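All values reported here derive from a predicted model rather than from experimental measurement.
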Amino acid sequence: MITWKNLDKLTSYQELTKTDRVDLTKVMTGENGADRVKNYSVPMADGLVYNYAAKQVDENVLEALEKLAGEAELAKKFEALYNGEVINTGENRLVLHHMTRGQLGEAVTADGVDKRTFYVEQQQRIADFANKVHAGEITNAAGEKFTTVVQIGIGGSDLGPRAMYLALENWAKKNGTFKMEAKFISNVDPDDAAAVLDSIDVAHSIFVLVSKSGTTLETLTNESFVKDALKNAGLDASKHMIAVTSETSPLAKSDDYLAAFFMDDYIGGRFSSTSAVGGAVLSLAFGPEVFAQFLDGAAEEDKLSMNADVRKNPEMLDALIGVYERNVLGYPSTAVLPYSQALSRFPAHLQQLDMESNGKSVNRFGEPVDYPTGPVIFGEPGTNGQHSFYQLLHQGTDIVPLQFVGFKNNQMGVDVVIQDSTSQQKLCANVAAQIVAFACGKADENRNKNFEGGRPSSIIIGESVSPKTLGALLAHFENKIMFQGFLWTVNSFDQEGVQLGKVLAKRVLAHETDGALKVFSDLLNI
């Protein structure tokens, strides 16, 4: 039987607040720093390594964090989650996204079906469909192959799959698995859909409509936009569209689609990249085998997340350090900084994944909490970010913990030597330099050129971005966020905070407004 207590009611948390603060500039300078870099790391799946040498922790803090993990029963709570307990208390639902990539514990039956079997069946149906599209067995009305796939969705139906597609696009081209170009329509702003439709040949495009409920306003609006474009081109929309939805939605058995693939209420949108939501578009773009490798990487990382030993569980350790920074050291935000162009949209996905999950001010029982919860997440790929917001990160009044991601090799295998080093070496040199610069700083009598240092960071290092690596990286952050939600005793799996605006928007469109809402509506000519 697991117990849920607010973070500030845990004895180990009170002990954590009393640990001595670590002087990062001192422990990261000279041989001390060299030893830390060698010793403060944890292996991840597919050759990745999580290194936390530049975090403000030492043995005393780490021991306190281990006690906190034990008292908060983090390992037991994860076990309860993957064994099918109702962890999403806000919506009275199971949380089963891990099951889309493997069986971690007991078989879970819900809605009268074995859920692992259900997810595997959907993956196989998608794989069969994608293979037939690639083989020319499923074609447009003229018998010609589809060359482009367009995903229509918003939030978790867009951010994760889009980030994963962009991460693997060049890898697939280099490795001969690139099947179809993928595009994405998400914003209800008509310029979004118009720009995508203008950039493709609609006659050779297949569209993936993603909506669990089948009622998402933005998605259905964009679907109508696409159907109009197909109609205007003299095409039958039902021969160009598939749906990813729930079995109970109005889309499930509609003649408007070539096929429908199913998800369920036990997988939240932001956790759905390894479900049919990501599976359809990624399998069409790269082939089902590549999507399977992506799932394998996530599954391997999930298994590491099961370890009760904090020092051998990279996700739990990352989560604990993050809570220490947020609740003890008082840092309000975190920057995610991938030094890889392939991960250009990964920070955007993590913004939703983290802030929609843990941006809560009440606990899982609906009671207000007296401590900070989820941080503000932002980021940009290096080295672009260095020429954007790093000024504030280095010398601003707020200390912002940093999460670097770096790779030894690029995806394309193409490089150039300039001034005795390659572009990849220059990229890696920058990330190494930034970690030390943030931690150690630089004293200067000219205060404008003085760097205080003491700015913590961690880095995940890998060989290169591949499907398995990407799956492991995704699972790392999903599970880190989950563990932090357990520590803060919030429900990380609902998102009531996005609902009020939707309700008011419907009132505006129905012209049922008064007060400020009416005036703003009039100003916007609605």
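Taking OG1 of T248 as the reference point, atom NZ of K253 lies at 9.0 Å (rounded to 0.5 Å). Interatomic distance, CG of L16 versus CD of E71, reported as 11.5 Å (0.5 Å rounding). Atom CG of residue D265 and atom CG of residue N92 lie 11.5 Å apart, to the nearest 0.5 angstrom. Atom CG of residue L337 and atom OG1 of residue T334 lie 10.0 Å apart, to the nearest 0.5 angstrom. Taking CG of L68 as the reference point, atom OH of Y13 lies at 9.0 Å (rounded to 0.5 Å). Put simply, CD on E223 and CE on M241 are 4.5 Å apart, with the number rounded to the nearest 0.5 Å.
No donor-acceptor pair under 3.5 Å is formed between the side chain of T216 and the backbone N or O of E218. Put simply, the side chain of T469 never gets that close to the backbone of V465: no donor and acceptor are under 3.5 Å apart. Between the side chain of Q103 and the backbone N or O of E106, at least one donor-acceptor pair lies under 3.5 Å. Proximity of a side-chain donor or acceptor of S283 to a complementary backbone N or O of A280 within less than 3.5 Å is not detected. A donor-acceptor pair under 3.5 Å links the side-chain atoms of T489 to the main chain of K5, judged by distance alone. Of the possible donor and acceptor atoms, one in the side chain of K77 sits under 3.5 Å from a partner among the backbone N and O of A72. Side chain of S224 to backbone of L220: a donor-acceptor contact under 3.5 angstrom is found. For Q151 (side chain) and L282 (main-chain N/O), no donor-acceptor pair under 3.5 Å exists by modelled atom type. Remark: side-chain polar atoms of N232 are paired, donor with acceptor, to backbone N or O of D228 under 3.5 angstrom. Between the side chain of S275 and the backbone N or O of S272, at least one donor-acceptor pair lies under 3.5 Å.
Looking only at side-chain heavy atoms (C-beta outward), D114 and V108 stay at 4.5 Å or farther from each other. Using a 4.5 Å heavy-atom cutoff, the side chains of V405 and L473 are in contact. In this structure the side chain of V95 never reaches within 4.5 angstrom of the side chain of R93, judged on heavy atoms. Inter-residue side-chain proximity for L474 and M164 is flagged as met; some heavy-atom pair is nearer than 4.5 Å. Within the 4.5 Å cutoff, the side chain of Q56 has no heavy atoms near those of the R455 side chain. Here the side chains of F346 and P381 are not in contact, with every heavy-atom distance at 4.5 Å or above. Within the 4.5 Å cutoff, side-chain heavy atoms of L487 are placed close to those of L320. Here the side chains of T100 and F271 are not in contact, with every heavy-atom distance at 4.5 Å or above.
A cation-pi arrangement is absent between K9 and W4, since the terminal nitrogen or guanidinium carbon is not both under 6.0 Å from the aromatic centre and inside a 45° cone about the axis.
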Start with the C-alpha gap between V208 and L284, add the side-chain angles, then the distance that decides, and say whether side-chain contact (heavy atoms from CB on, under 4.5 Å) holds. CA-CA 10 Å; V208 184; L284 285 165; 4.3 Å; yes

Give the intermediate values and the outcome of side-chain contact (heavy atoms from CB on, under 4.5 Å) for residues H97 and F493. CA-CA 11 Å; H97 57 275; F493 307 106; 4.2 Å; yes

I would like to know whether Y165 and E169 meet side-chain hydrogen bond (donor to acceptor under 3.5 Å, both in side chains); could you show each step before the answer? CA-CA 6 Å; Y165 171 79; E169 182 179 19; 3.2 Å; yes

Criterion side-chain contact (heavy atoms from CB on, under 4.5 Å) on I152 and V226, from CA distance to verdict: CA-CA 9 Å; I152 308 169; V226 168; 3.7 Å; yes

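Applying the ring-ring contact (aromatic ring centres under 6.0 Å, His included) test to residues at least two apart or on different chains, the pairs with a partner in residues 212-255 are F146-H240. The salt bridge (Lys or Arg N to Asp or Glu O under 4.0 Å) analysis of residues 485-494, with sequence neighbours excluded, yields the pairs K360-D494. Residue pairs satisfying the salt bridge (Lys or Arg N to Asp or Glu O under 4.0 Å) criterion with at least one member in residues 314-340, sequence neighbours excluded, are listed as follows: K55-E325, D318-K480. The list of salt bridge (Lys or Arg N to Asp or Glu O under 4.0 Å) pairs with a residue in residues 363-374, not counting sequence neighbours, is empty.
When the ring pair (Phe, Tyr, Trp, His ring centres under 6.0 Å) test is applied to Y266, no partner is found at least two apart in sequence or on another chain. In this structure, E301 has no salt bridge (Lys or Arg N to Asp or Glu O under 4.0 Å) partners at least two apart in sequence or on a different chain. Take A163 and apply the side-chain contact (heavy atoms from CB on, under 4.5 Å) test, not counting sequence neighbours, and it matches R345, H349. Listed by chain and residue number, Y339, T383, Y390, N430, Q434 satisfy the side-chain contact (heavy atoms from CB on, under 4.5 Å) test with Q386 (two or more places apart in sequence, or in another chain). Qualifying side-chain contact (heavy atoms from CB on, under 4.5 Å) partners for D398, counting only residues two or more places apart in sequence or in other chains: none.
Ring geometry for F404 versus F438: interplanar angle of 30 to 60°, hence tilted. Ring orientation note: the planes of F78 and Y82 are nearly perpendicular, at an angle over 60° on the 30°/60° scale.
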List the atom pairs, with distances to 0.1 Å, where a side-chain N or O of residues 179-194 and a protein N or O form a donor-acceptor pair under 3.5 Å, not counting sequence neighbours.
unit_1, atom_1, unit_2, atom_2, d
S186, OG, R162, NH2, 3.4
N187, OD1, D189, N, 3.0
D189, OD1, D191, N, 2.9
D192, OD2, S186, N, 2.9
D192, OD2, N187, N, 2.8

Could you go through residues 499-513 and list every donor-acceptor pair under 3.5 Å that involves a side-chain atom there, pairing it with any protein atom two or more places apart or in another chain?
unit_1, atom_1, unit_2, atom_2, d
R507, NE, E512, O, 3.3

Compile the donor-acceptor pairs under 3.5 Å between side chains in residues 196-207 and protein atoms, sequence neighbours left out, one pair per line.
unit_1, atom_1, unit_2, atom_2, d
S199, OG, V196, O, 2.7
D201, OD1, A203, N, 3.2
D201, OD2, H204, ND1, 2.5
H204, NE2, E144, OE1, 2.8
S205, OG, D201, O, 2.8

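R125 and E121 are not joined by a salt bridge, as no carboxylate oxygen comes within less than 4.0 angstrom of a charged side-chain nitrogen. Remark: K115 engages D264 in a salt bridge, criterion side-chain N to carboxylate O under 4.0 Å.
Of all heavy-atom pairs between P338 and P347, the closest is CD-CG, 3.8 Å. Residues Q352 and G155 approach most closely at OE1-C, 3.6 Å, considering heavy atoms.
S492 and N358 are linked by a side-chain donor-acceptor pair at a separation below 3.5 angstrom, with hydrogens and angles left out of the test. Counting only N and O atoms by type, the side chains of N327 and W488 include a donor and acceptor under 3.5 Å apart.
Remark: aromatic rings of F262 and F118 are distant, center separation not under 6.0 Å.
Other residues, nucleotides and ligands contribute only 12 or fewer heavy atoms inside 6.0 Å of the NZ atom of K76.
Just one residue in the list R270, Q484, Q495 forms a side-chain hydrogen bond (donor to acceptor under 3.5 Å, both in side chains) with S357, and that residue is R270.
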